[in-house]
Amino acid sequence: MGANHDDHHHAPDGHDRALRLGVGGPVGSGKTALVAALCRTLGRSLSLGVVTNDIYTTEDADFLRRAGVLDQERILAVETGCCPHTAIRDDIAANLDAVETLEHRFGPLDLVIVESGGDNLTATFSRGLADRQIFVLDVSGGDKVPRKGGPGVTTADLLVINKTDLASMVGADLGVMARDAAAVRGERPVLFTSIRQDPTAATVATWVANEVWSWPQPHHPAPAA
Amino acid sequence: MRARAAVATVLGPGGRTVVQRLASAPPLTLRQTGPYTVHLVSTAAGPLGGDRLALDVAVAPRTTLELGSVASTLVLPGEGESEMLITARVGTGATLRFTPEPTVLAAGCEHRLLVRLTLEPGANVLWREELVLGRHGETTGRCHARFDAIRDGLPLLRQEFTVGDPALDTSPAVHGSARCVGTTFLTAVAKEPRVADGVAVLPLAGPGTLVSALAADAVGLRSRLEWGERTTINGDDSVAFGGDGPVPGLQ
Amino acid sequence: MHPALLLLTDSRLPAGGHAHSGGTEQAIASGAVHDVPTLAAFLKGRLHTAGAVTAALTAAACAHAASTTTAPITGTPGTPLWGRLDAEVDARTASPAQRHASRTQGRLLLRVARRVWPSPVLDGLAAESPNPHHPIALGTAAHAAGATPEEAAMAAAYHAISGPATAAVRLLGLDPVAVHGLLATLAPDLTAVTAGACRAAVHQDPGWAALPACSAPALDLLAERHATAEVRLFVS
Ligand SMILES: Nc1nc2c(ncn2[C@@H]2O[C@H](COP(=O)(O)OP(=O)(O)OP(=O)(O)O)[C@@H](O)[C@H]2O)c(=O)[nH]1
Ligand SMILES: [Mg+2]
């Protein structure tokens, strides 16, 4: 059941609510692993909610619930009718509804993370749904991916290139990836991670904490260390 | 043919149910078969096209009525539409169990089956309706059924069902290949929705439940509906009666 | 036709409709729908049952919205009229899964409509009933957008088949042109359902008791099965 409350998303830049962070990227790149890491690292100092958009099961939500990184009730799953990118870009109604349901139930929240269903390189979040977005690639897709660009790689507020522990195995050159990403992204940041090796995703968590900190809202949380 | 039959109960001495009024009107003939049990006994074929039949049922507060029929009703073609209108009023704390044998829609029939059920607070009802779409090996006739249950002046359940439009009859959205369609409306509240092969237990928005079933034959339909009825009743501790047999606590 | 109808019936209307299959996903899972002809039978049955009911209720909501803007609401004391229409929808929707899907879509549509066509009548509905059934939200939104009850009914009837048709294209990989051809052949049915809905609805405010209540037992079963399915792509 959805929220039984008034409509807050009228103010698209309404800074009276939590920062909404979209996490997108291709299938299997490590989005859920990153969301779990962020919950682990930030969950103690920030009040969080998570919305997942699985392609056809509630697997991501179930994984996060099992991982015990967040109260079960703070994780909601949204069905996307075979179209994960529609649900985060063209018709964001169900995701907004889930975000607001969390805010209504547990608010005020500091951060709501929306994980998109794994999709292709063109999938990005609508600004009506996410205030900031992270695009997660992994090295196993090959070091050519950043060069290919696409809206996810070029416009995301943060590009995360995950599974660096596999780079040597798949013959991916991280230097090439960094250079190509910088070429299409300009000043926008890129972080290399191995969530396998650092389950706290410390560098990404710091970036997110800074975004939350600079998000003007009445109930300022203390920035995470 | 026009006929209007009626049955009414009153509360007798010692809180017993007395069947006070039993007005038969052929072809609707009513027989009392137990202290609070009445059966419809057909005394003519039909209804036939052109017939207008009505049955009025009044169950007084805190009384019980079980209404059945000895045989299935065979609706036959004739001149124009046939109609069966059942109006039932169930008083506070009263119990009505309406479980007639199926209505069989013979090829060529054009039937209307209307039920208006008015419930006072605390009324207990189990109301079963079964439609068989044509006799064996026969295409179905046409039927329009409408059921309206009003409780405390508010609508609790409104359902229409139309049979006999070839374009819709076989639709997998309506009843697919099923030859028998049935529902049981209960004031008992199922704990949760349930679904099994060809049958669903549907808790209504208001205090009540609809069991809805589809089956290839009448026997299968009955067993599916009874499963749904048991599932509903077993989940509701407040109901006054179980599935079969006499009403517990009222003997 | 009012141009707003184009927006209201567009599958790109961002009100969450794209993730509802109206029982199609389960009908496909059960094998009952597997190609264009079986989809045709499914959609036709859906249109003349669930579609007819939702079209009439939508027309009633639109007419009622129009009447509340010309005259103050006068209902039985303590029983607001939106609540009474809501009860009429509830009474016609035996399946809890379908009631849930209807209220979810209604809530999302109401939010979108309040931003797209701001109006006191939509605000009033939201204040009284934040989770309205879809036909109530659609009828009220249609009125706020300037459409008539008949146009609202047409939008509802089309909505009853367009989403399910798209779901079948996605799930079965059907030829989308063949499916659109099928939708085109249903045009006379849409006209008939719309006309029936308006006959029933427009002159009945506020006596909504006699509005159509066509049930579809198979849709009820499919909806409940879907709600408990382990794997599903669509909300309904
Ligand atoms: N080797 C390695 N494996 C990782 C790393 N991060 C995640 N994985 C694994 O990659 C697989 C996919 O990770 P998920 O987090 O489920 O990926 P996802 O992007 O959420 O996938 P979808 O939601 O299905 O699109 C899992 O088996 C993870 O354990 C990493 O840094 N290194
Ligand atoms: Mg994931």
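To find a chain, count down the sequence lines: A is the first, B the second, and so on, and within it residues start at 1.
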Next on the checklist: Under 4.5 Å from any heavy atom of chain B, what part of C:Thr49 do you find: side chain, backbone, both or neither?
Outcome noted: side chain
Item to check | Part of residues 98-116 of chain B lying next to chain C, heavy-atom separation under 4.5 Å | outcome: none
Item to check | Interface residues of residues 81-94 of chain B facing chain C - non-hydrogen atoms under 4.5 Å apart | outcome: none
Checklist entry - Given a strict heavy-atom distance threshold of 4.5 Å, which part of B:Ser212 is in contact with chain C: side chain, backbone, both, or neither? => result both
Checklist outcome for this item: Answer key: most heavy-atom pairs under 4.5 Å with chain C among B:Asp148, B:Val199, B:Thr170, B:Ile150 is B:Val199
Checklist outcome for this item: Looking only at B:Gly208, B:Ala178, B:Ser177, B:Pro193, most heavy-atom pairs under 4.5 Å shared with chain C are made by B:Pro193
Item to check | Heavy-atom contact with chain C under 4.5 Å, split by part of B:Val201 | outcome: neither
Checklist entry - Is chain C contacted by the side chain of B:Leu168, its backbone, both, or neither, given a heavy-atom distance below 4.5 Å? => result side chain
Checklist entry - Would a 4.5 Å heavy-atom cut-off, applied to side chains only, mark C:Ser215 and B:Gln159 as touching? => result yes
Checklist outcome for this item: Turns out that what part of C:Leu221 lies under 4.5 Å from chain B's heavy atoms comes down to both
Checklist entry - With only heavy atoms counted, which part of B:Arg194 is less than 4.5 Å from chain C, the side chain, the backbone, both or neither? => result neither
Item to check | chain C contact via B:Leu157 - side chain, backbone, both or neither, heavy atoms under 4.5 Å | outcome: both
Item to check | Segment of C:Arg99 engaging chain B (4.5 angstrom heavy-atom cut-off) | outcome: side chain
